[in-house]
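What follows is a short report on a single structure.
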Amino acid sequence: GEGKDVTNPGLDIEDFIGSGSVSGVQSLQLTALVSQTLELGGKRKRRVALARQETGVSAAQTKRLRLVLYRRTRDAFFLVLAAQQRLQHAREREELANAVRQIWQSKQAAGRSAAHESSEAELAYHRAQLSVRTAQRQLLAAKQQLAGLWGGRANEIESVTGSLRHKISIPSLAQLRQHLEGSLPLRTAELQVDTAKAALAVEQSQAVPDVTIGVGYRYLNTSRDSAAVLSLGLPLPLFDRNQGAIESARQHIAQRQSER
């Protein structure tokens, strides 16, 4: 990766051929130079640190997304389970209301009950039927929500099994504090702050100029002489010391800290 690799060397060839008084090959001067940039200011080390921080943030975000998906799936599952039970209870009430209705109808037919009593039983039965249809729509919506998490359809889910009864234990204040300190969102936010600080360190290292060292060979055709060539290049940071990028990195740190 970029943080671990050393910069590539360069090859320069100069004064291969000319014109006028130095035309042809009589005055040919050939210089071949291999150069290598030496990074100063801990640039490579800081890039490696930044890459590690970014990898940690990426892993934490992936874990957080998985946790969010798990919670959504769990909640959607229990919505389906609750909707199934509501539909079951609605059907039981419908069966009971129908049985009561039939009893009153039989009594009315035998002249042993008033007509309004049979009408009340009929109304209760229709209300029970309406409750069944409402529960069916709610179950279909819950199945669609659950299946939508994997891009499926409601008809792919025939039924789910489970229990809505579970014991709820209230944690102590110390347990809540410990859970908060180790929570994944807080850990992710801390990693993002550390990553921003590592990015600042990289930008600060860019203010330190690099040294370019070159070694090569020079051949002079006029005298048939050759010589070794050594070059040294060092930019002078008189105007550009990467101030803009450094200030931007500092503002990014402040932003991440405020979001924590």
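Treat the numbers as computed from the prediction; the structure is a model and nothing was measured.
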Nearest-0.5 Å distance, CD of residue Glu95 to OH of residue Tyr125: 10.0 Å
Interatomic distance, Leu123 atom CG to Arg127 atom CZ [nearest 0.5 angstrom]: 4.0 Å
Leu87 vs Val132 side-chain heavy atoms within contact, under 4.5 Å: yes
Could you pull out all donor-acceptor pairs under 3.5 Å where a side-chain atom in residues 226-238 meets a protein atom, sequence neighbours excluded?
residue	atom	partner	partner atom	Å
Ser231	OG	Gly214	N	3.4

Where Ser163 and Leu81 come nearest, the two heavy atoms and their spacing: N-CD2, 3.7 Å
Residue pair Thr73 / Leu146, side-chain heavy-atom distance below 4.5 Å: yes
Residues which pass side-chain contact (heavy atoms from CB on, under 4.5 Å) with Ala196, listed by chain and number, not counting sequence neighbours: His252, Ile253, Arg256
Contact summary for Leu79 and Gln145, nearest pair of heavy atoms: CD1-OE1, 3.7 Å
Qualifying side-chain hydrogen bond (donor to acceptor under 3.5 Å, both in side chains) pairs with a residue from residues 193-202, counting only residues at least two apart or across chains: none
NZ/NE/NH1/NH2 to OD/OE distance under 4.0 Å, Glu94 and Arg91: no
Exercise: identify the closest heavy-atom pair between Pro209 and Leu40: O-CD1, 3.6 Å
From Thr188 atom OG1 to Glu259 atom CD, the distance as rounded to the nearest 0.5 Å: 12.5 Å
Closest contact, heavy atoms only, Gly41 versus Ser205: O-CB, 3.4 Å
Atom of Ala97, atom of Ala124 and distance for their closest heavy-atom approach: CB-O, 4.0 Å
Sub-4.5 Å side-chain heavy-atom contact between His89 and Glu92: yes
Neighbour count above 12 (heavy atom, 6.0 Å) for Arg74 CZ: yes
Glu122 side chain to His126 side chain, donor-acceptor N/O pair below 3.5 angstrom: yes
Any side-chain heavy-atom pair of Ile246 and Leu200 under 4.5 Å: yes
Closest contact, heavy atoms only, Glu158 versus Lys143: O-NZ, 3.0 Å
Side-chain heavy atoms of Lys43 within contact of Val208, under 4.5 Å: yes
Side chains of Ile213 and Gln36 in contact at under 4.5 Å (non-hydrogen atoms): no
Distance (rounded to the nearest 0.5 Å) between Leu139 CG and Gln88 CD: 11.5 Å
From Tyr70 atom OH to Leu149 atom CG, the distance as rounded to the nearest 0.5 Å: 13.5 Å
Reference residue Glu39; test salt bridge (charged side-chain N to carboxylate O under 4.0 Å, His left out); the match among Arg46, Arg44, Arg47: Arg47
Atom pair CZ/CG of Arg218 and Asp225 - distance to nearest 0.5 Å: 12.5 Å
